[in-house]
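Contents: one structure, followed by commentary.
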Amino acid sequence: MCTVNLNYSLTYEIKPVSPYNFNLSVRKPAGWSLFTPFEIYNGKTLWTAVHLESTLIGLKLSSKGTTNNPRITAKIFLESKPTEEKLDKIKKLLIHCIGAEDDLREFYAFARQDRILRYVVDDLYGMHSTSTGDNVFPDAILAILLQMAPLKRSNEMMDSIIRMYGDNAEFDRKTVYVWPLPQKLSSLNPSVLARECKVGYRAKRIVKLAVKFVEEGFPTLQELEKLSPEDSKTKLLELPGIGDYSADIINPHGGFPIDVWSAEVFGNLFFGKKPDNNRQAVKEVKSEGIRRWGKWSWMAFFYVVQDLESLSRRMNIKLRLA
DNA sequence: GCGTCCAGGTCTACC
DNA sequence: GGTAGACCTGGACGC
């Protein structure tokens, strides 16, 4: 654990593309955080921290507008004054990460014609998909920790790794733990990581992943976006511990990441009944989702999993909550 | 209490 | 190329 005091700050305003619901976008209804599970949110303001451009940044984001006329005040905190060029890059990355540039209108037009999606876009109007920074590494660790474990246990493993090996950003009288950089994990003995963070066999995969990032490097999320969706996924599949499901979670082009749990949820929605065997149903459910929703598969997946409780009521189907 | 099963997948050794 | 089986850990469940 390394504590970093971020004493230099500056404030500016972000005007997201409307509609943009701040609350739904920075703290998803299913509990997904923006950058780190340790960020602090009081309903109007989010204090969080992230590495952008290899620099630790503290953030205080406050909503000043409405869903149809959104405005966000962003106060960023750094160790020292950055160059104008670096500051410009950080500002652009932040806008990109919070999904402020994304226009939802085309997806909404598509969704309102769909018997399932028309409910979720109504419930979650203005919710934007966000990304966890410019580095793939935190997403890849998260994907590995989600494998073969109930969500509660995945969260425990994640908290443990961040607390033990992440940075500790101190700013605005707040403390936020941040995902570790690959350099911090690449030199670890996997058996030590497994014992200290109780991640079991995943420790070998995480250390191997970190070593690959340090020794060979890996494209940023923004660089992967410039590739075709297929090429981006192929690149992600080169990472140790990352298979089809995990690559779909990470891919900035969006995939349709169906696992054992979501196979049950989407199987229920598509076919009106719970699959006999969730694990065996993964392939069938995934291809049905892609067939129905095509290029909007990720947005459809994202909206549905954030809205299961309401969707269960509206469609009169018992959906297993996350 | 104690034993067994299995979970938001992936990798590898077989065939 | 396809496919069992192994893999950490801890909670749920049956006895």
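Because only heavy atoms are used, hydrogens play no part in the values below, and waters and symmetry mates are left out as well, while side chains stay in. The chains referred to below are lettered A, B, ... by the order of the sequence lines, with proteins before strands, and numbering in each begins at 1.
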Examine A/Trp47 together with A/Tyr177 and report whether their ring centres are nearer than 6.0 Å.
no
Taking N and O atoms by type only, does the side chain of A/Arg153 place a donor or acceptor under 3.5 Å from a partner on the base of C/dG11?
no
Which comes earlier along DNA chain C counting from the 5' end, the contact point of A/Lys152 or that of A/Met148, where each point is its nearest nucleotide?
A/Met148
Work out how far the P atom of C/dG10 is from that of B/dC11, and round it to whole angstrom.
23 Å
From the list A/Lys91, A/Arg71, A/Lys75, salt bridge (charged side-chain N to carboxylate O under 4.0 Å, His left out) with A/Glu13 holds only for A/Arg71
Going by the glycosidic torsion and a 90 degree boundary from 0, is the base of B/dG8 oriented syn or anti?
syn
If we take the C1' atom in both C/dC8 and B/dC5, what is their distance in whole Å?
15 Å
Using the closest heavy atom to pick a nucleotide of DNA chain B for each, name whichever of A/Lys208 or A/Val260 lands nearer the 5' end.
A/Val260
Salt bridge A/Arg291-A/Glu288, side-chain N to carboxylate O under 4.0 Å
yes
The nucleotide from C/dG10, B/dG8, C/dG11 with an atom nearest the side chain of A/Leu151 is B/dG8
Short side-chain N/O contact from A/Arg195 to OP1 or OP2 of C/dC8, under 4.0 Å:
no
Can any side-chain N or O of A/His253 pair as donor or acceptor with the backbone N or O of A/Leu224 at less than 3.5 Å?
yes
Paired stretches of DNA chain C - 3 or more consecutive Watson-Crick or G-U pairs, each distance under 3.5 Å:
B:1-7 with C:9-15, B:9-15 with C:1-7
Among all residues two or more places apart in sequence or in another chain, which pass the salt bridge (Lys or Arg N to Asp or Glu O under 4.0 Å) test with A/Lys286?
A/Asp244, A/Asp248
Select one nucleotide: of B/dC11, C/dG11, B/dG8, the one nearest the side-chain heavy atoms of A/Pro150.
B/dG8
Centres of the A/Phe218 and A/Phe137 rings: under 6.0 Å?
no
